[in-house]
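Side chains included, hydrogens not; waters and symmetry mates left out as well; all remaining heavy atoms used. Residue numbers begin at 1 in each chain, while the letters A, B, ... track the order of the sequences.
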Amino acid sequence: MLQVPYLRENTEKALAGLAKRNKDFSATIQSIISVDESRRKLQNELDNLLAESNKISKTIGDLFKEGKREEADGMKARTSEIKEECKSIETNLTQLEEELKHLLYLVPNVPHESVVFGKGADENEVVYSSGETTNLGENKLPHWELCEKHKLIDFELGVKIAGAGFPVYIGKGARLQRALINFFLEEAQKAGYTEHQVPHLVNEASGYGTGQLPDKEGQMYHVGVDDLYLIPTAEVPLTNLYRDVLLKEEQLPIKLTGYTPCFRREAGSYGKDVRGLNRLHQFDKVEIVQLSKQEDSYALLEEMVNHVKGLLNKLELPFRILRLCGGDMGFTSSLTFDFEVYSAAQERWLEVSSTSNFETFQANRLKCRYKGTDGKTQLVHTLNGSALALPRIVAALLENHQDENGVRIPQALVPYCGFERI
RNA sequence: GGAAAGGUGGGUGAGUGGCUGAAACCAACAGUUUGCUAAACUGUCGUACGGGAAACUGUACCGGGGGUUCGAAUCCCCCCUUUUCCGCCA
C-alpha cells in the first residue's frame with residue numbers, strides 16, 4: 001500500500017498518476033489524508049495522557065519507598081481518571097486506524113511515468129517484437145489435439161481426479177515439464193538468482209504482505225481447517241521471506257528464484273480462453289524476485305526483462321513484449337511488462353510472463369527496509385517476474401514446433417529433456 | 001495428538017512488580033595508540049509513530065493478543081512457536 005506521508009506531500013502527483021488507471025481516487029485520498037490527520041491528533045492526546053500517567057506512577061513508587069503511603073494513595077485517583085480517558089481515546093484511535101487501513105487498501109500503486117493512460121488490454125503498448133510469427137499452413141493442430149495425439153497430457157483424467165483445470169501430464173509430456181522447470185531454474189541460477197524451495201501454503205500475514213489479500217481473496221484456494229492459502233505464485237512465499245526484515249544496504253540487491261506449482265481458482269473464466277493449457281487451476285512456474293535499493297530498481301527491471309527475453313529466444317518462440325497501460329496493470333504494480341508468445345495454431349498471443357516493479361508498494365506492507373550507509377532507513381523496492389510459467393510455453397512449443405513428423409524440441413532444451421522429438 | 005520446559009536487543013545471556021529500553025560479554029562502527037597488523041584503551045551501538053528548524057523530546061514495543069495493578073519483561077488467561085519425551089507416520 002501507499003505511504004500516507006507520500007500521499008499527503010504529493011497529492012497532486014499521486015492523483016495524476018493514478019488517473020492513468022482510468023479511475024478517480026481523489027475522494028479516497030482526501031479521506032485518507034483527513035482520517036490520518038485525526039488519527040495523529042488523537043495519538044498525540046493519548047501520548048500526553050500516558051506521559052502524565054507515567055510520571056504519576058513514578059512519583060507513587062518514590063513515595064512508597066519513602067514510606068509515605070497515604071500521600072501515594074491520594075495520587076491514585078488521578079491515574080484512574082486518566083485511565084478512563086485513555087480507554088475512550090484508544091477505542092476511537094483503533095477505529096480510525098482500521099478506517100485508514102481500509103482506505104489505503106482501496107488505492108492501487110501509482111503507475112510509473114512511462115505508463116500510458118488506458119482503459120484495458122487493448123491499449124497496452126507493444127515495446128518489442130521478436131520478429132516473424134510462425135506460419136504453419138494447413139495441417140496445423142492446436143496444442144490440445146497434439147497432446148491427445150502424442151499422449152502428452154490427459155485433461156479428462158485430471159477431471160476425474162480433481163476437476164477441470166488440473167491436467168495429468170504423461171510420459172514425454174511429464175518429462176517436458178520437468179525439463180522446462182530445470183532449464184528455467186538453471187538459467188536463473190546462472191543469472192545470479194539463489195534457488196529456494198518454499199512452502200506451497202502460506203498464512204494470512206503472507207497473503208497481506210504481497211497484496212493478494214484482501215484484494216484477490218477469491219482467487220486463492222483457502223484451506224479452512226488450518227487457515228492457510230495455496231499459493232497463486234511463488235512470489236508470495238519468496239517475497240515474504242523478507243517480511244519484517246531490516247536489511248543492510250550492502251546486502252542489496254537480493255535475487256531469489258524458485259519453482260512452485262501455482263494454484264488459482266480463476267472464478268468466472270470460460271470459453272476458448274480456458275481450452276487446453278490456456279488457463280489452469282494448477283500450473284508450474286519458476287519465479288524470479290528481486291529486492292533492491294530504490295535508485296536501482298528500474299535498471300534491475302530491465303535486467304529481468306532481458307533475462308526472460310533470453311529464455312524465449314532459447315526456446316525459439318516468437319514473442320512480443322507489452323508495456324501495460326494504466327487500466328490493465330495489476331493493483332500493486334508501478335510498471336509491468338507482459339510477455340506474450342504466439343500460439344501458431346490458435347493464432348493468438350498468450351501471456352507467459354509478467355515482470356513488474358512494485359517500488360515500495362509491497363515493501364510498505366511487508367515492512368522490508370534497508371539501512372543506508374548514511375544510517376537512514378528506507379523501504380526496499382520489490383520486483384518480480386515469471387521466468388517462466390509452463391503451460392502456455394508448452395502450448396506454444398507444441399504448436400510452433402510441430403511438423404509432419406511430430407514436434408521438434410528446441411536445441412537448448414534437449415539436454416534437459418533427453419529426447420529431440422515428440 | 002499427549003506431557004514438560006523455554007521464547008529478552010545482531011549474537012550469548014542477566015533480570016520475578018517501580019531505580020529496566022533493559023546488566024554483562026561478544027560482534028559491529030568511530031577514535032586513540034602503531035611503520036603495518038594484532039592487542040589495549042575510549043566512545044557509539046534497537047525499531048516504529050508523533051512533536052521540533054535543530055539540539056532534543058513524548059509514546060509504544062522483552063514471541064503475538066487480552067487481563068490484573070497507580071505501575072508489568074516480571075503476575076494471570078488465550079494463541080503462535082522452539083526443544084525434549086511419548087504416540088502416530090512418508
Side-chain N,O (A/R369) to OP1/OP2 (B/rU47) below 4.0 Å: no
Nearest-angstrom distance from the residue atom CG of A/L246 to P of B/rG9: 14 Å
Euclidean distance, A/K101 NZ relative to A/L96 CG, rounded to 0.5 Å: 13.0 Å
Distance (rounded to the nearest 0.5 Å) between A/T28 OG1 and A/K23 NZ: 9.5 Å
Distance between C1' atoms of B/rC36 and B/rA28 (Å, rounded): 23 Å
Minimum side-chain heavy-atom gap A/L312-A/L388 below 4.5 Å: yes
ring-ring contact (aromatic ring centres under 6.0 Å, His included) involving A/H281 - partner list, sequence neighbours excluded: A/F166
Would you tabulate the pairs of protein nitrogen or oxygen atoms and nucleotide nitrogen or oxygen atoms of nucleotides 17-22 of chain B closer than 3.5 angstrom?
| from | atom 1 | to | atom 2 | distance (Å) |
| --- | --- | --- | --- | --- |
| B/rG18 | N2 | A/S57 | O | 2.8 |

Nearest-angstrom distance from the residue atom CD of A/Q251 to P of B/rA28: 16 Å
Interatomic distance at C1', B/rG58 relative to B/rG21, whole Å: 14 Å
Closest listed nucleotide, where the reference is the side chain of A/R39 and the choices are B/rC49, B/rU47, B/rU69: B/rC49
Nearest-Å distance once atom C1' is located in both B/rG63 and B/rC25: 24 Å
Separation of the C1' atoms in B/rA23 and B/rA14, to the nearest angstrom: 6 Å
Sugar-phosphate, base or nothing in reach of A/T377, heavy atoms under 4.0 Å: sugar-phosphate
B/rC75 to B/rG7 separation - P atoms, rounded to the nearest Å: 11 Å
Partners meeting side-chain hydrogen bond (donor to acceptor under 3.5 Å, both in side chains) with A/S353 (sequence neighbours left out): A/T355
Proximity of A/Y128 and A/F319 rings by center, below 6.0 Å: yes
Distance, rounded to the nearest Å, where A/E204 contributes CD and B/rC80 contributes P: 14 Å
Counter-base of B/rU32, judged by Watson-Crick or G-U geometry with both distances under 3.5 Å: B/rA40
Euclidean distance for C1', B/rG35 against B/rA54 (whole angstrom): 43 Å
Nucleotide opposite B/rG9 in a Watson-Crick or G-U pair, distances under 3.5 Å: none
Rounded distance (Å) that lies between atom P of B/rC70 and atom CD of A/E85: 17 Å
Salt bridge (charged side-chain N to carboxylate O under 4.0 Å, His left out) contacts touching residues 406-422 of chain A (sequence neighbours left out): A/E316-A/R408, A/D403-A/R421
Minimum heavy-atom distance between A/E399 and A/L141, given as atom pair plus value: CG-O, 3.9 Å
Identified pairing partner of B/rA3, criterion: Watson-Crick or G-U wobble below 3.5 Å: B/rU84
Salt-bridge criterion met for A/R40 and A/E37 (N-O under 4.0 Å): no
Span that lies between the P atom of B/rA55 and that of B/rU68, in whole angstrom: 40 Å
More than 12 heavy atoms from other groups under 6.0 Å of CD on A/E195: yes
Residue pairs, two or more places apart or on separate chains, that pass salt bridge (charged side-chain N to carboxylate O under 4.0 Å, His left out) and touch residues 238-261 of chain A: A/E249-A/K293, A/K255-A/E303
Complementary nucleotide of B/rU68, counting Watson-Crick and G-U pairs under 3.5 Å: none
Whole-Å distance separating the CD atom of A/E250 from the P atom of B/rC29: 10 Å
Under 4.0 Å protein heavy-atom contact, by nucleotide of nucleotides 51-67 of chain B - B base, S sugar-phosphate only: S------BSS-------
Interatomic distance where CG belongs to A/L93 and C1' belongs to B/rG50 [whole Å]: 11 Å
Separation of B/rC49 C1' from A/L96 CG (nearest whole Å): 15 Å
Separation of the P atoms in B/rA4 and B/rC78, to the nearest angstrom: 12 Å
Contact nearer the 5' end of RNA chain B, comparing A/K371 with A/T79: A/K371
Partner nucleotide, any strand, of B/rC45 [Watson-Crick/G-U, under 3.5 Å]: none
Complementary nucleotide of B/rC19, counting Watson-Crick and G-U pairs under 3.5 Å: none
Rounded distance (Å) that lies between atom P of B/rU69 and atom NZ of A/K76: 11 Å
